[in-house]
Amino acid sequence: RYGSAVTSLCNYTAPIIITIISTIIYKEKMTLKQLCFVLMAFVGIIFVSGIFESSNSVDYHCVIYGMLAAIGFTILVITNRKLKDIKPLDKTVTQLFVSALVVLPYVYFNNGFPTSMDVRSILIIVLLGFVHTGLAYIFYFNSISVLPIHKVVIIGYIEPVLAIVVGVLVFKEPISLFGIIGAVLIIMAALLSELSSK
C-alpha cells in the first residue's frame, strides 16, 4: 500500500513538470493564482496517495519507477502538443499500436499468451481497449491541443479522485479522512481554476 502510494505520488509530479516546461518552451502565461491552483491540486494528490497513512520507510524503487513514469508522461504530453497537424484519432491509433508492440514481448516472456479465453474476458478486453483507453486518449489528445496547459494539469488530477469515488461506491472500499481532504482539495482547485478563467 505504502509503496504504491509513493509510486503514485511521484508519478503525479508529471503535471507540475509539464507546467514548468510549458511556461519555458511554449511561453504559456500562467498567473500566480493559476499556479496556486496547480499546487493546491498537487497537495490534494499527496493526501489522496495515502502516504501519511503508513510509518514504513520509503522504498527507493518506488520513487524511481514513479519518477520514470512521470518523465514518460511528460514526454507524451509535450510531444503531442507539438503534433498539431495530426488528428487525435491518428495519434491514438499510432501510439497505442507502438505501445502494444513494446509490451507484447514482456507479457509473452513473463506470463505467456493465453491459450483460451471466454466471452466475458474478450468483452472486458474490448471495453478496456476501445472505450477506456482508445476513446479516452482521443479526447485527451484533442484537449491537449486546445486547452491551456494549467487546465490540462488540474483536470488530470481529477483521475485519482474518480478512482476513489468508484472504489467507495462500487467496491465498498473504505476511505480515510486524508483521502476525503485530498479529494476536496483537487475538486476545489479544478472548480476555482475554471471560475477564475471566466
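Remember, it's a predicted structure, so these values are computed and weren't measured experimentally.
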Cluster overlap I186 with I180, hydrophobic side-chain contacts below 4.5 Å
yes
Apply side chain to side chain contact (heavy atoms under 4.5 Å, CB included) to L104 and list each qualifying residue two or more places apart in sequence or on a separate chain.
F113
What's the separation between atom CD1 in I181 and atom CD1 in I46, rounded to the nearest 0.5 Å?
13.0 Å
Same apolar cluster (I L V M F W Y, side chains within < 4.5 Å links), L68/V98:
no
Once you round to the nearest 0.5 Å, how far does CG of L135 lie from CG of L89?
10.0 Å
Any idea which heavy atoms bring L76 and Y137 closest together, and the distance?
CD2-OH, 4.5 Å
Which of D90, V93, T92 passes side-chain contact (heavy atoms from CB on, under 4.5 Å) with I138? Answer is T92
With clusters defined by side-chain heavy atoms of hydrophobic residues (ILVMFWY) lying less than 4.5 Å apart, directly or transitively, does I187 cluster with L162?
yes
For I124, which residues count as a side chain to side chain contact (heavy atoms under 4.5 Å, CB included) partner, sequence neighbours excluded?
R120, L128
Closest non-hydrogen atom pair, M67 against I17:
CE-CD1, 4.5 Å
Please identify each residue that fulfils side chain to side chain contact (heavy atoms under 4.5 Å, CB included) with I71, with sequence neighbours left out.
I75
Restricting to side chain to side chain contact (heavy atoms under 4.5 Å, CB included), what partner residues turn up for V170, sequence neighbours left out?
V166
Nearest heavy-atom neighbours spanning F37 and A189:
O-CB, 3.4 Å
So, using ring pair (Phe, Tyr, Trp, His ring centres under 6.0 Å) as the criterion, who are the partners of F42 when residues are at least two apart?
none
S121 meets the side-chain hydrogen bond (donor to acceptor under 3.5 Å, both in side chains) criterion, sequence neighbours left out, with D118
Transitively linked via ILVMFWY side-chain contacts under 4.5 Å: I122 with V131?
no
M40-V184 co-clustered via ILVMFWY side chain contacts under 4.5 Å:
yes
